[in-house]
Amino acid sequence: MTKNDAPVGDFIREIIEDDLRTEKHRGRVATRFPPEPNGYLHIGHAKSVCLNFGIAAQYGGTCNLRLDDTDPSGESLEYVQSIINDVHWLGFDWGNRLFYASDYFEHLYQFAVNLIKAGKAYVCSLNADQMREYRGTLTEPGKESPYRNRSIEENLDLFARMRAGEFEDGAHVLRAKIDMASPNVVMRDPIIYRIKRVPHYRTGTDWVIYPMYDFAHCLSDSLEKITHSICTLEFENNRPLYDWIVGELIAHDRPRQIEFARLNVSYTILSKRRLIQLVEQNYVTGWDDPRMPTVAGMRRRGYPPEAIRTFCAKIGVAKKDNLVDIALLEACVRDDLNERAPRVMGVLRPLKVIIDNYPEDRVEEFECANHPQNSAMGTRKVPFSRVIYIEQDDFTENPPRKYKRLAPGKEVRLRSSYVIRYQGMVKNEQTGEITELHCTYDPETRNGPPPDGRKVDGVIHWVSANHAVPVEVRLYDRLFQVPDPAASGDGFVRHLNPHSLETLPSCPVEPSLRDVPSGSPYQFERLGYFCRDSKGTPSDPPVFNRIVSLRDSWAKIAGKEGK
RNA sequence: UGGGGUGUCGUCAAGCGGUAAGACACAGGCCUUUGGAGCCUGCAUUCGGAGGUUCGAAUCCUCCCACCCCAGCCA
C-alpha cells in the first residue's frame, strides 16, 4: 500500500475495532471477497476488494477469495480466471485461501439435511406461479404451503431423491420453515435448494440441485470462519435470514453480516447485467475495451492499480446511495501518472513546419529531461531537424485574446529546443487548409531564454519529421453522455457517447517510443497520458491508448473568451 | 397505506452534546521552457423540514418529508 490509499476510519472499521476491543471473535479478523464468476470485475468490485483485503491487512487478519458459484447458468472458468487475474493486478493476495462455494456442496447438503431433521425445512412441491401466489405481497402476508407439514421422513426421502435426479427442474424445492406472515418477504419460507439440471463448470453433472445464495453464503462464511461478512446494501433485507440459518446450524464463531453502499460512478454504468449487454451487443469491443469501467478495461486503458486503490480509499465507505464524480477517478489517475510517467513528445494532428534558416542536412540531438521535477528519471535524446511537425491547434491565423501559441508575427518556444518565429504559410488553394508553415529559428535560444531579454510565453511540442515514428492513437472519452445513465433503466444505451472513441490512424511521435512495452505509461507533453495497447499485432504500427488527458486550462479560458 | 435503510457544500465524506475536517469540482492569483505540475486564496452562519430537551444540538427526543432496497426456483 502507498501513502495515498491509507484507509481512513469508516463505520465498518469502527465495528471491527469494537469487536477487537471486546474480544468478540477472540481477536480474529477474517473477511472475504465473494464474487460470482458470471462476469468481469468492475470498479465497484474494486471498492469491495480494497475494503475486504484492506481491512484484513490493517488488522492483521485474513481475506479469502471465494468464488460464489452456486448457480451454474452463466458461470464459467473464463470469469474465474479474469477475477483471479484482476484481484491480483489490483495488488492483493489471498495466499492459499482461494475457495469455491461449489467445494462446499456436499457439506451444504448435509447442513440442509440437518435442517430437515430439525423440522426447520421442508420439500415444497408448489410450482413457481403457485409459489408466487402463496408468498403474498409487500402489504399482505403469505399463505402456508400445503406441503409445509410433510413429515421429516418424507422430506428426507424427497430431498434425497431430488439430489438423485428423480425429478425435473421445478418439480420440488427445499424451503426453510420460518414465517409466511413475516413483514419481511425474505423470511416467508425462503427456498434454499432448487433443482437445476445445468452442468456446473466445476462439478460437472455431479449435482442437479444447487443451494440458493441465502443458504450457501452464510454457511460458506461460517465454514471459512469469516468474522465480518461485508456485502452491499441490497442484502440488508436478507440479514435476518443470514442470522436465522447461521443460528440454526452453527454453534460457534458465527459471522456477522455488515452492509455498505455499492459504488456508482458518473458517466458510466456498473451493473453486471448491463455491462454484459454492452459486450454482447457489441457496443464495445469486449470486457477489456478501454472505455469499460471493468478492471480489465481500466488495465488496458493504462490506469495504474495504485490509482484505483487511491480512488477507493478517497470515496470512503458509508451507507448512503452515491454517484461519485468520475472526475475524481481521473484525478487519481493523473496524480499517480504525473509522478511516474516519463515525458515524451508526439503530435496528434500534425502541421508541417519548415525552418527556413536551419541547414537542410543538419540533425541535432537534444538531451531532454524525462521528468521536469525528477532528474532521477534521466534524459533521452530527441532529434531535431529542418522539418518538424507541430499540433494544428498550436497555430492560428487569427489568435484570440490570451493565445500564447504560434501565429503570424509571433514566436514560440519549441519545447526543449529553439525559439522559432513565424514567417509565412502555404495554403491549399481549393480548401483553404493550411498545409505548411515557414519559420525561422533563433540559434541563441538553444539552452535558455533569448539573450536580448525578450519574453517568449508559449511553449509547444513538436516531432522531427524525418525521425518521426507513425503510430495509431486512440482517444477515449466518457462512455455515456449523461451523468447517470442507469437512471434510464434499460434505455441506458441511448445515452452512449458516440464520440467515446476517436481513432487517429497515423500520428508522428518521437523515435524513443518505437519499441516501448505495452502498458507502461508516458506523458505526451501538453496532451495527456498514453500507453501502448496490449492487443496489437506486432506487425501493425503500434497503437497508443490515451489513458487520460492533461488538465486543459486553456480550453477553459478559450471557452470563456468565446462566450 | 408492510418491512428494511438513507438524508451534512455541485459530488463524495468527516463529525459520536461544546459551537461544520478533508478530497474532487468550481472561482481567483502566483510560478512555470508542458496553458502540465506546484504554490496561495475563496467556496455549508449551517447539517431534509418543523417542534422539543439542554447553558449549548448536525449530534438526544417527537412528528413530518424525500429518496433507495425487498414479492427470481439470481446473487
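Side chains included, hydrogens not; waters and symmetry mates left out as well; all remaining heavy atoms used. Here the structure is a predicted model, which is why all the values come from computation and not from measurement.
Heavy atoms of A/A318 sit under 4.0 angstrom from primed sugar atoms or phosphate atoms, though from no base atom. Using a 4.0 Å heavy-atom distance criterion, A/R413 is classed as a base contact. In this structure, A/P240 reaches neither bases nor backbone, as no heavy-atom distance under 4.0 Å exists between it and the strands shown. The residue A/R188 sits apart from the nucleic acid: no heavy atom pair falls under 4.0 Å. Across all strands, A/V317 comes closer than 4.0 Å only to sugar-phosphate atoms, never to a base (heavy-atom distances). Within 4.0 Å of A/L323, counting heavy atoms only, lie sugar-phosphate atoms of the nucleic acid but no base atom. Residue contacts for A/Y210: at a heavy-atom cut-off of 4.0 Å it reaches no nucleic acid atom on any strand shown. Nucleic acid contact for A/G448: base, since at least one base atom lies under 4.0 Å from a heavy atom of the residue. In this structure, A/V459 reaches the sugar-phosphate backbone alone: every heavy-atom distance under 4.0 Å involves primed, P, OP1 or OP2 atoms, never a base. Residue A/K272 is out of contact with every strand shown, counting any heavy-atom pair closer than 4.0 Å. Counting any heavy atom pair closer than 4.0 Å across all strands shown, A/S266 reaches no nucleic acid atom.
Taking 4.0 Å as the cut-off between side-chain N and carboxylate O, A/R454 and A/E411 count as a salt-bridged pair. Looking at A/K319 and A/E236, a side-chain N of the basic residue comes within less than 4.0 Å of a carboxylate O on the acidic one, giving a salt bridge. Salt-bridge check for A/E234 with A/R262: passed, with a basic side-chain N closer than 4.0 Å to an acidic carboxylate O. The existence of a salt bridge linking A/E224 and A/R32 is excluded, since no basic side-chain nitrogen approaches an acidic carboxylate oxygen closer than 4.0 Å. A/E166 has a carboxylate O that lies under 4.0 Å from a charged side-chain N of A/R161, or vice versa, which qualifies the two as a salt bridge.
Separating the CG atom of A/N127 from the P atom of B/rG72 is a distance of 14 Å, rounded to the nearest angstrom. The nearest whole Å value for the distance from the CG atom in A/L138 to the C1' atom in B/rA71 is 5 Å. If you measure from atom CD1 of A/I178 to atom P of B/rC70, you get 19 Å, rounded to the nearest angstrom. One interatomic measurement links the two molecules: CG of A/N370 to C1' of B/rA37, which rounds to 16 Å at whole-angstrom precision. Atom CD1 of A/I557 is separated from atom P of B/rU34 by 15 Å (rounded to the nearest Å). The nearest whole Å value for the distance from the CD1 atom in A/I191 to the P atom in B/rA75 is 11 Å. What separates NZ of A/K320 from P of B/rC47 is a distance of 15 Å, to the nearest Å. We find that CZ of A/R415 is positioned 14 Å from P of B/rA37, with the value rounded to whole Å.
The nucleotide B/rC55 finds its pairing partner in B/rG18, both defining distances of the Watson-Crick or G-U wobble pair being shorter than 3.5 Å. Base pairing analysis places B/rU34 opposite nothing; no Watson-Crick or G-U wobble pair with both distances below 3.5 Å involves it. In this structure B/rA25 sits in no base pair that meets the Watson-Crick or G-U test at under 3.5 Å. Pairing partner, B/rG2: B/rC70, with both Watson-Crick or wobble hydrogen-bond distances short of 3.5 Å.
Considering all non-hydrogen atoms of both residues, A/F524 and A/G346 come closest at CD2-CA, 4.4 Å.
Between the side chain of A/E14 and the base of B/rC16, a donor-acceptor pair under 3.5 Å is found. If you check distances only, the side chain of A/N184 never reaches the base of B/rG4 with a donor-acceptor pair under 3.5 Å. With hydrogens and angles ignored, no donor-acceptor pair closer than 3.5 Å exists between the side chain of A/D321 and the base of B/rC67. Residue-to-nucleotide contacts include no donor-acceptor pair under 3.5 Å from the side chain of A/R334 to the base of B/rG36. Remark: the A/Q373 side chain and the B/rG36 base include a donor-acceptor N/O pair separated by less than 3.5 Å.
The ring of A/F366 has its center closer than 6.0 angstrom to the ring center of A/Y418.
The same atom, P, is picked in B/rC63 and in B/rG3; the two are 14 Å apart, to the nearest Å. B/rG48 and B/rA66 are spaced 7 Å apart, taking the C1' atom of each and rounding to whole Å. When the C1' atom is compared between B/rA58 and B/rU45, the two are found 14 Å apart, to the nearest whole Å. The gap from the P atom of B/rU59 to that of B/rU46 amounts to 15 Å, rounded to the nearest Å. Spacing of C1' atoms, B/rG7 relative to B/rC30, comes out at 41 Å, to the nearest Å. Spacing of C1' atoms, B/rC31 relative to B/rC68, comes out at 47 Å, to the nearest Å. On the C1' atoms, B/rG38 is 16 Å away from B/rU33, given to the nearest whole Å. Distance check on atom P: B/rU32 versus B/rG49 gives 48 Å, rounded to whole Å.
Set against B/rA13, B/rG3, B/rA71, the side chain of A/P183 has B/rG3 as its closest nucleotide.
For A/K319, no side-chain nitrogen or oxygen approaches OP1 or OP2 of B/rG7 to under 4.0 Å. Between A/R194 and the phosphate of B/rA75, there is a side-chain N or O to OP1/OP2 separation shorter than 4.0 Å. Checking the phosphate oxygens (OP1, OP2) of B/rG35, a side-chain nitrogen or oxygen of A/R526 falls inside 4.0 Å. For A/T70, a side-chain nitrogen or oxygen approaches OP1 or OP2 of B/rA75 to under 4.0 Å.
The aromatic ring of A/W554 is stacked on the base of B/rG35, with the two ring centres less than 5.5 Å apart and the planes inclined by under 30°.
The aromatic rings of A/Y109 and A/W207 sit tilted, their planes meeting at an angle between 30° and 60°.
Comparing A/M131 and A/S417 along RNA chain B, the residue whose closest nucleotide (by nearest heavy atom) sits nearer the 5' end is A/S417. In terms of position along RNA chain B, the nucleotide closest to A/I315 lies nearer the 5' end than the nucleotide closest to the other residue of the pair A/I315 and A/P34.
Donor-acceptor pairing under 3.5 Å is recorded for the side chains of A/S48 and A/N52.
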